[in-house]
K.L.:
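Submitted below is the structure of interest, expressed as structure tokens.
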Amino acid sequence: MEPWFADAKPINSLEPEIAFHLWDEFHPVRDRPPEPLALPEFPRAERLRVSVPEAIGHEAELAAYYGRVAALARQRGLKLQQVRQYFWMDLRLDNEDADVHLSFPWYDTFSSMDHFLAAVAGHDEGMVYADQDQGWAVEAWARNGTLYIRESDPDSDTTVQAAALPRAGLQARIAPLRERTARLLARLAEELGADVWTTGEAPSFL
């Protein structure tokens, strides 16, 4: 057992959520005034964030927003890596009642977050996942049906959040989320003409 297991907050579940970050301004060149960027108009909980369930049924509208980003980038001769932030995604694991909120600030593509989701959804025991980057770290351990997840600051080994929960419940939520996200990205790629979200690489785009 890891020493932090004893301090992990026991909870009954975590809700995994994948979302898209939105921008209401396009910043073409540093030190130049930004340009307004029209947002999709369909309902959502946060103005500059669209969760996967919120986007389903509104794929054409979301793709049109990304189409506006692409058009502005092409007008200014920008490459994809210069506007990658407009295509960032976000993964969160939340339990509002227990005030547990695990974040993955360095995961901005579906493939990066899916490595974590696939590991947790698997059946390995012991440490099933670990990663860290610039002041952030996450680790997940599986032991006798319980999943221990810790978000920490690796520079000081300070725990930000740690939780212990039944693994099966989170696994049951992860499977449909991965499937829905993959289908949604396929629809968006069909509308836009390129998949800019799965790996962040789209050689023929822009």
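In this text, all values refer to a predicted model and were calculated from it rather than measured experimentally.
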K.L.:
Ignoring hydrogens, what is the shortest heavy-atom contact between F26 and A73? Give both atom names and the distance.
P.N.:
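F26 and A73 have their closest heavy atoms at CZ-N, 3.9 Å.
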K.L.:
Under a 4.5 Å cut-off applied to non-hydrogen side-chain atoms, are L48 and L39 in contact?
P.N.:
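Of all side-chain heavy-atom pairs linking L39 with L48, at least one is under 4.5 Å.
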K.L.:
Sequence neighbours excluded and cut-off under 3.5 Å, please list the side-chain donor-acceptor pairs for residues 49-58, or say none.
P.N.:
unit_1 : atom_1 : unit_2 : atom_2 : d
R49    : NE     : D90    : OD2    : 3.0
R49    : NH1    : E17    : OE1    : 2.7
R49    : NH2    : E17    : OE1    : 3.0
R49    : NH2    : D90    : OD2    : 2.8
S51    : OG     : E54    : N      : 3.3
S51    : OG     : E54    : OE1    : 3.2
E54    : OE1    : S51    : N      : 2.9
E54    : OE2    : A45    : N      : 2.7
H58    : ND1    : E61    : OE2    : 2.8

K.L.:
Is the shortest side-chain heavy-atom distance between L192 and F205 below 4.5 Å?
P.N.:
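Sidechains of F205 and L192: in contact.
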K.L.:
Is there side-chain contact between F104 and M89, with heavy atoms separated by less than 4.5 Å?
P.N.:
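Counting from C-beta outward, F104 and M89 never come under 4.5 Å.
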K.L.:
Using 0.5 Å steps for rounding, measure from the CG atom of D108 to the NE2 atom of H21.
P.N.:
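Between atom CG of D108 and atom NE2 of H21 there are 8.0 Å.
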K.L.:
Would you call the rings of F87 and Y66 parallel, tilted or perpendicular if under 30° counts as parallel and over 60° as perpendicular?
P.N.:
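It falls in the parallel class, under 30°.
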K.L.:
Is any side-chain heavy atom of R44 closer than 4.5 Å to one of L22?
P.N.:
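A side-chain contact exists here, since the closest heavy-atom pair is under 4.5 Å.
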K.L.:
Shortest non-hydrogen contact from A202 to A194?
P.N.:
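Closest pair (atom of A202, atom of A194, distance): CB-CB, 4.4 Å.
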K.L.:
To the nearest 0.5 Å, what is the distance between CG on N12 and CG on N95?
P.N.:
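It comes to 6.0 Å.
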K.L.:
Tell me, please, which residues at least two apart from R150 pass side-chain contact (heavy atoms from CB on, under 4.5 Å).
P.N.:
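So R150 forms a side-chain contact (heavy atoms from CB on, under 4.5 Å) with W4, E139, S152, D157, T159, A162.
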K.L.:
Counting only N and O atoms by type, is there a donor-acceptor contact under 3.5 Å from the side chain of T199 to the main-chain atoms of E201?
P.N.:
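A pair under 3.5 Å: yes.
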K.L.:
Taking atom CG of D94 and atom CD of E15, what is their separation to the nearest 0.5 Å?
P.N.:
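Here the interatomic distance stands at 8.5 Å.
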K.L.:
Between L102 and E151, what is the shortest heavy-atom contact and its length?
P.N.:
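Between these two residues, the closest heavy atoms are CA-OE1, 3.5 Å.
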K.L.:
Heavy-atom distance under 4.5 Å between the side chains of L93 and V100, does that happen here?
P.N.:
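A side-chain contact under 4.5 Å is absent here.
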K.L.:
Would you find more than 12 non-hydrogen atoms of other residues, nucleotides or ligands less than 6.0 Å from E190 atom CD?
P.N.:
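Incorrect, the count does not exceed 12.
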K.L.:
Enter the distance from R76:CZ to E35:CD here, rounded to the nearest 0.5 Å.
P.N.:
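Reported to 0.5 Å precision, the distance equals 4.0 Å.
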K.L.:
Donor-acceptor pair, R167 side chain versus V120 backbone, under 3.5 Å?
P.N.:
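Yes: the side chain of R167 pairs with the backbone of V120.
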K.L.:
Just jot down the side-chain hydrogen bond (donor to acceptor under 3.5 Å, both in side chains) partners of Y107, sequence neighbours excluded, or say none.
P.N.:
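Partners of Y107 under the side-chain hydrogen bond (donor to acceptor under 3.5 Å, both in side chains) test: Y129, D131.
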K.L.:
Are the side chains of E2 and W141 in contact, using a 4.5 Å heavy-atom criterion?
P.N.:
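When only atoms from C-beta onward are counted, E2 and W141 do touch, with a gap below 4.5 Å.
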K.L.:
Under a 4.5 Å cut-off applied to non-hydrogen side-chain atoms, are I18 and L117 in contact?
P.N.:
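Yes - at least one pair of side-chain heavy atoms lies under 4.5 Å apart.
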K.L.:
Say you draw a straight line from CZ of R183 to CZ of R178; how long is it, rounded to the nearest 0.5 Å?
P.N.:
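Going from the CZ atom of R183 to the CZ atom of R178 covers 13.5 Å.
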K.L.:
Search all heavy atoms of A189 against all heavy atoms of W197 and return the closest pair with its distance.
P.N.:
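For A189 versus W197, the nearest heavy atoms are N-CZ3, 3.9 Å.
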K.L.:
To the closest 0.5 Å, what do you measure between CG (D114) and OG1 (T181)?
P.N.:
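If we round to the nearest 0.5 Å, D114:CG and T181:OG1 are 8.5 Å apart.
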K.L.:
Specify the closest pair of heavy atoms between A163 and I11, including all atoms of both residues, with the distance to one decimal.
P.N.:
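Minimum heavy-atom contact is CB-CD1, 3.8 Å.
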K.L.:
Does CD in E41 sit with more than 12 non-hydrogen atoms of other residues, nucleotides or ligands closer than 6.0 Å?
P.N.:
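At most 12 heavy atoms, drawn from other residues, nucleotides or ligands, come within 6.0 Å of this atom.
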K.L.:
Determine yes or no for a side-chain-to-main-chain donor-acceptor pair under 3.5 angstrom, with W136 supplying the side chain and S103 the backbone.
P.N.:
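A pair under 3.5 Å: yes.
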K.L.:
Treating R68 as the side-chain partner and A38 as the backbone partner, does any N or O pair qualify as donor plus acceptor under 3.5 Å?
P.N.:
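A pair under 3.5 Å: yes.
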K.L.:
If you take all heavy atoms of I174 and P16, which pair is closest and at what distance?
P.N.:
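Minimum heavy-atom separation between I174 and P16: CG1-CG, 4.3 Å.
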K.L.:
State, with a plain yes or no, whether a side-chain heavy atom of L14 is found less than 4.5 Å away from one of I149.
P.N.:
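L14 reaches I149 side chain to side chain.
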